[in-house]
*Asks:* 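Structure provided below as structure tokens; questions to follow.
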Amino acid sequence: MTPDVFLFWFLALTTVLAALGVIISANPIYSVLSLVMTMVGVAAIFVTLGAYFLAGVQLIVYAGAVLVLFVMVLMLFDLKHEIHAFTRGPVTGAIKIAAVGLLGGMIVGAIALSANSLMKTENNGIQTVIEGDSTKALGKLLFSQYLFGFEALGVLLLVVAVGAVALARAKGGTHAQH
Amino acid sequence: MLSTDLFTQIGLGHYLVLSALLFCCGMAGVLLRRNAIVLLMSIELMLNAVNVSFVAFSRYLGQQEGQIMVFFVMTIAAAEAAVGLALAVSIFKRFREVNIRYFEHLKG
């Protein structure tokens with residue numbers, strides 16, 4: 001077993017277990033901590049796939065900024081105990097779990113069925129597999145071909161920042177407490 | 001032969017299955033949990049699963065565009081988390097709880 005293979009299985013197991021921890025733990029604080037673990041695992045998977053810049057962005061944006069936001073809001077609410085953490089009723093819960101299982105089975109089945117064509121494209125593209133650091137090429141592409149999307153995202157972030165502050169400060173609209 | 005290959009030869013399919021599992025975890029969270037903030041976290045989980053498959057395709061097909069898409073998805077996810085948390089804050093200010101059933105009173 002080569003180190004690459006071991007690394008993949010280790011990261012896959014860690015990430016999936018942490019993802020299960022997000023949805024299973026009844027305390028939202030533990031959910032956030034599991035989500036941090038998942039994000040770090042996904043960043044490590046990006047490293048194994050050769051996307052070093054994206055791994056760094058993942059760590060900074062998700063594990064750094066977004067999850068700190070989640071933790072801050074949770075601490076603000078002081079939601080240590082939850083009465084109805086999960087959906088009510090064993091029947092609806094079973095139906096929902098069955099639906100998720102069905103979806104997962106369908107996706108995995110589709111991947112297994114298309115394994116042949118996937119292998120073919122893999123072998124065709126074997127010369128073009130990106131080796132080493134792709135950050136430079138990524139930056140060139142982002143600032144030439146996808147420049148409009150990049151700028152639009154900048155505007156979107158500004159709008160969202162203003163909108164989030166406005167929403168959080170709103171007095172409640174029709175539900176204003178008199 | 002096939003079974004040992006499955007465990008020792010890591011290919012595109014492995015990453016896609018991992019991505020599918022992560023996505024299903026996120027979807028189960030959205031369906032089963034009642035806390036709006038845990039719901040948002042599950043949505044982040046689903047977005048990350050999609051990112052994994054984007055990067056895997058980008059790597060194995062030798063195209064950079066997949067990584068650009070991941071870049072955009074990350075930005076949108078951060079924006080969505082900010083707006084969602086602001087909504088949760090305004091719900092909490094009104095009802096002292098962020099259970100998803102209070103979101104049916106959302107208007108104005």
Side-chain angles (χ1 to χ4, degrees), chain A residues 1 4-5 8 12 16 19-20 22-23 28 31 35 38 42 45-46 49-51 54 57 61 66 69-70 73-74 77 82 84-87 93 96 100 103-104 107-108 111 115 118 121-122 125 128-130 134 137-138 141-142 146 149 153 156-157 160 163-164 167-168 170 172-175, chain B residues 7-8 10-18 20-22 24-29 31-35 37-38 41-42 44-45 48 51-52 55-56 58-62 64-65 67-68 70-72 74-75 77-79 81-83 85-90 92-94 98-99 105 107-108:
Chain A
M1 192 179 253
D4 275 0
V5 175
F8 172 79
V16 171
L20 281 177
V22 174
I23 60 172
S31 284
L35 193 60
T38 316
V42 169
I45 287 169
F46 284 174
L49 283 167
L54 282 181
V57 171
V61 171
V66 172
L69 200 64
F70 275 108
V73 171
L74 277 178
F77 289 170
E82 268 191 287
H84 296 299
F86 292 92
T87 182
K96 285 167 180 173
V100 171
L103 176 78
I107 297 175
V108 172
I111 293 168
L118 284 179
T121 51
E122 219 174 293
T128 52
V129 164
I130 309 148
S134 59
L138 193 66
L141 204 58
L142 190 62
Y146 294 95
L153 276 184
L156 174 77
L157 279 182
V160 163
L167 263 181
T174 52
H175 290 301
Chain B
F7 285 106
T8 54
I10 301 300
L12 179 55
H14 287 79
Y15 286 102
L16 292 185
V17 170
L18 171 66
L21 284 179
L22 284 178
C24 289
C25 284
M27 188 178 154
L31 288 178
L32 293 175
R33 297 304 297 265
R34 309 296 292 169
N35 187 334
I37 295 178
V38 181
M41 285 192 256
S42 304
E44 298 288 325
L45 207 58
N48 263 277
N51 282 353
V52 169
V55 175
S58 149
R59 159 95 174 149
Y60 282 100
L61 302 182
Q64 294 280 340
E65 275 80 0
Q67 300 196 10
I68 304 277
V70 172
F71 207 73
F72 289 171
M74 275 181 185
T75 319
V83 173
L85 286 174
L87 277 176
V89 167
S90 61
F92 182 80
K93 280 202 293 197
R94 176 72 178 79
V98 286
N99 198 306
H105 302 292
K107 59 186 171 191

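Order of the sequence lines sets the chain letters (A, B, ...), proteins ahead of strands, with each chain counted from 1.
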*Asks:* Work out which heavy atom in A/G149 is nearest to a heavy atom in B/F72; give both atom names and the distance.
*Replies:* C-CZ, 4.0 Å
*Asks:* Are B/I37 and A/P28 side-chain neighbours, meaning at least one heavy-atom pair lies under 4.5 Å?
*Replies:* no
*Asks:* Between B/C24 and A/V100, which heavy-atom pair has the shortest distance, and what is it?
*Replies:* O-CG1, 3.4 Å
*Asks:* Taking side chain as C-beta onward, heavy atoms only, is B/F71 less than 4.5 Å from A/L141?
*Replies:* no
*Asks:* Look up atom CG in A/L20 and atom SG in B/C25, then write down how far apart they are to the nearest 0.5 Å.
*Replies:* 4.0 Å
*Asks:* Atom CG of A/L35 and atom CE of B/M41: how far apart are they, to the nearest 0.5 Å?
*Replies:* 6.5 Å
*Asks:* Provide the closest heavy-atom pair for A/S31 versus B/R33 in the form atom of the first, atom of the second, distance.
*Replies:* OG-NH1, 4.1 Å
*Asks:* Step by step, would you call A/F8 with B/Y15 a ring-ring contact (aromatic ring centres under 6.0 Å, His included)?
*Replies:* CA-CA 9 Å; A/F8 172 79; B/Y15 286 102; 4.8 Å; yes
*Asks:* How close do B/V52 and A/F46 get, counting heavy atoms only, and between which atoms?
*Replies:* CA-CE2, 3.9 Å
*Asks:* Count the heavy-atom pairs under 4.5 Å between each of A/A12, A/G104, A/G163 and chain B, then report the option with the highest count.
*Replies:* A/A12
*Asks:* Show the nearest heavy-atom pair for residues A/L69 and B/A82, with the distance to one decimal.
*Replies:* CD2-CA, 4.1 Å
*Asks:* With a 4.5 angstrom heavy-atom cut-off, is it the side chain or the backbone of A/L156 that approaches chain B, or both, or neither?
*Replies:* side chain
*Asks:* With a 4.5 Å cut-off on side-chain heavy atoms, are B/L22 and A/V42 touching?
*Replies:* yes
*Asks:* Using a 4.5 Å cut-off on heavy atoms from C-beta on, say whether the side chain of B/L16 contacts that of A/V108.
*Replies:* no
*Asks:* Rounded to the nearest 0.5 Å, what separation is found between the CD atom of B/E65 and the CG atom of A/L138?
*Replies:* 10.0 Å
*Asks:* If you round to the nearest 0.5 Å, how far is CG of A/L49 from CD of B/Q67?
*Replies:* 9.0 Å
*Asks:* Between A/A164 and B/A86, what is the shortest heavy-atom contact and its length?
*Replies:* O-CB, 3.5 Å
*Asks:* If we only count heavy atoms from C-beta on, is the B/S42 to A/I23 side-chain gap below 4.5 Å?
*Replies:* yes
*Asks:* Rounded to the nearest 0.5 Å, how far does CG of A/L54 lie from CD1 of B/I68?
*Replies:* 8.5 Å
*Asks:* Report yes if the side chains of A/T38 and B/N48 come closer than 4.5 Å at any heavy-atom pair, otherwise no.
*Replies:* no
*Asks:* Show the numbers, then the answer: is there a side-chain contact (heavy atoms from CB on, under 4.5 Å) between A/I45 and B/V55?
*Replies:* CA-CA 9 Å; A/I45 287 169; B/V55 175; over 6 Å; no
*Asks:* Between chain B and each of A/V73, A/L157, A/L153, count heavy-atom pairs under 4.5 Å; write down the option with the most.
*Replies:* A/L153
*Asks:* Highest number of heavy-atom pairs under 4.5 Å with chain B: which of A/I107, A/V57, A/I111?
*Replies:* A/I111
*Asks:* Taking every heavy-atom pair that is under 4.5 Å apart, which of B/T75, B/N51, B/V83 has the most such pairs with chain A?
*Replies:* B/T75
